[in-house]
Structures are given as structure tokens and as C-alpha cells.
Amino acid sequence: MFSAKSATLLISRVSLEGDAVVGEVDLRVWGRLRSALLELRDVKLRLTLSRRGQVVLAEGELQVLGSVLCERCLGAMPLSLRVPLRVGIGESEAAVEALDPELDAVVAANGILDLQTWLEDETLLALPMVPRCEIWVEGPCSVSNMVPPQVTN
């Protein structure tokens with residue numbers, strides 16, 4: 001078993017029987033996600049690793065808790081995000097494609113994957129493009145309790 005706080009993952013160290021990466025990630029190095037959110041409380045990882053020749057199949061999910069700015073009311077909106085992961089990790093995209101052309105390829109240069117950068121990238125890609133609280137007609141937002149700014153013509 002590998003720690004989710006590990007900076008790197010050596011694909012050669014994944015056992016033939018399989019391994020796991022479990023736990024909280026190293027949020028100290030997740031500056032890009034921290035900048036994209038109002039608050040980042042917790043990110044947990046559960047990942048199963050299976051060796052398939054020169055490629056490692058990684059399946060699992062990230063769970064993210066925090067808050068993000070609602071684009072509708074401009075208030076703090078709770079964020080609870082599950083990021084499913086199913087990728088092939090190899091030294092080249094061709095190696096992953098040879099195993100399964102349906103897999104997303106994650107390139108581990110010289111067999112070394114920058115684990116925290118890859119996980120942060122996956123999380124950033126899963127964020128809502130335009131985060132919005134529930135739709136309401138009038139009055140305060142049911143999530144942030146803020147009153148949206150009035151637009152006058």
C-alpha cells in the first residue's frame with residue numbers, strides 16, 4: 001500500500017498482485033486547487049493499482065470537500081465532489097493504448113509519476129465550470145442565505 005501523501009509513484013514498485021493508494025492527499029502542494037476554491041477542507045483518495053505488463057491500471061476516486069463561489073448569488077456554496085479515476089499509467093501513451101485504447105493515458109516519465117500534480121489536475125478538471133446554488137425565484141439564496149444583487153436597466 002502506498003500513501004496518498006506520496007510525492008511520486010514509481011510504477012515499477014507496484015506489485016504483480018496489485019496495490020492501493022489510500023488516505024488524505026498532501027494539500028500543502030495543491031496551490032492551484034486552493035486558489036480555485038473559497039475553502040478546501042479535505043481531499044481523500046482511494047485508488048487500486050493493478051500491473052498489466054509495463055502499464056499500471058489505476059481505478060478509484062477522489063473525494064473533495066470545500067466551498068466555492070456561487071456565480072449566481074456570489075455566496076459561499078458547499079462543494080462535495082467525487083472524482084472517478086480509471087486510467088492507465090505508463091511510460092508512453094502508446095504503451096497504455098496497446099493495453100486498452102479506451103483508457104485515458106497518464107504518462108509517467110522514466111516510470112515516475114508526479115502523483116500530487118496528477119491528482120490535482122484530475123480534481124481541477126472535475127470542478128463545475130459555472131458553480132451555482134439551487135435556482136430560486138426571489139428572496140435569499142437557499143444555500144448561502146444571501147440576496148442576489150438586483151440588476152437594473
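For the numbers below, each heavy atom of this structure counts, side chains included, while hydrogens, waters and symmetry mates do not.
Each side-chain hydrogen bond (donor to acceptor under 3.5 Å, both in side chains) pair with one or both residues in residues 102-111, not counting sequence neighbours, would appear here, but there are none. The salt bridge (Lys or Arg N to Asp or Glu O under 4.0 Å) contacts involving residues 112-129 comprise R32-E120, R32-D121, where partners must be two or more places apart or lie in separate chains. The list of salt bridge (Lys or Arg N to Asp or Glu O under 4.0 Å) pairs with a residue in residues 41-51, not counting sequence neighbours, reads E39-R41, D42-K44.
Taking OG of S80 as the reference point, atom CG of L65 lies at 5.0 Å (rounded to 0.5 Å).
E24 meets the side-chain hydrogen bond (donor to acceptor under 3.5 Å, both in side chains) test with no other residue; sequence neighbours excluded. Residues forming a side chain to side chain contact (heavy atoms under 4.5 Å, CB included) with R82 (at least two apart in sequence, or on another chain): E61, Q63. For the side chain to side chain contact (heavy atoms under 4.5 Å, CB included) test, residues two or more places apart in sequence or in another chain that qualify with A36 are L124, L127. For P128, the side chain to side chain contact (heavy atoms under 4.5 Å, CB included) criterion is met by L79, P131, not counting sequence neighbours. Here Q116 pairs with W30 under the side-chain hydrogen bond (donor to acceptor under 3.5 Å, both in side chains) rule; sequence neighbours left out.
When side chains are defined from C-beta on, L40 counts as touching V64, because their heavy atoms get closer than 4.5 Å. The closest side-chain heavy-atom distance from V68 to L38 is not below 4.5 Å. L103 places a side-chain heavy atom less than 4.5 Å from the side chain of L57.
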Atom pairs and distances, side-chain donor-acceptor, residues 9-19, under 3.5 Å, sequence neighbours left out:
from : atom 1 : to  : atom 2 : distance (Å)
S15  : OG     : G18 : N      : 3.2
S15  : OG     : G18 : O      : 2.9
S15  : OG     : D19 : OD2    : 3.4
D19  : OD2    : S15 : N      : 2.8

Donor-acceptor contacts under 3.5 Å from residues 83-98 side chains, at least two apart:
from : atom 1 : to  : atom 2 : distance (Å)
R86  : NE     : E59 : OE2    : 3.0
S92  : OG     : A95 : N      : 3.1

query: Between L45 and L119, is a side-chain contact (heavy atoms from CB on, under 4.5 Å) present by the stated rule, with each step listed?
result: CA-CA 9 Å; L45 174 66; L119 295 171; 3.6 Å; yes

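The hydrophobic cluster analysis finds L125 isolated: no Ile, Leu, Val, Met, Phe, Trp or Tyr side chain comes under 4.5 Å of it, directly or through other members. Grouped with V22 in one hydrophobic cluster are M1, the linkage being side-chain heavy-atom contacts under 4.5 Å among Ile, Leu, Val, Met, Phe, Trp and Tyr residues.
In terms of heavy atoms, A4 sits closest to L115 at O-CD2, 4.3 Å. Between A126 and L81, the closest heavy-atom pair is O-CD1, 3.8 Å.
Looking only at distances, no side-chain donor or acceptor of S6 sits under 3.5 Å from a matching main-chain atom of T8.
Note on L113: it clusters hydrophobically with V21, by side-chain heavy-atom contacts below 4.5 Å among ILVMFWY residues.
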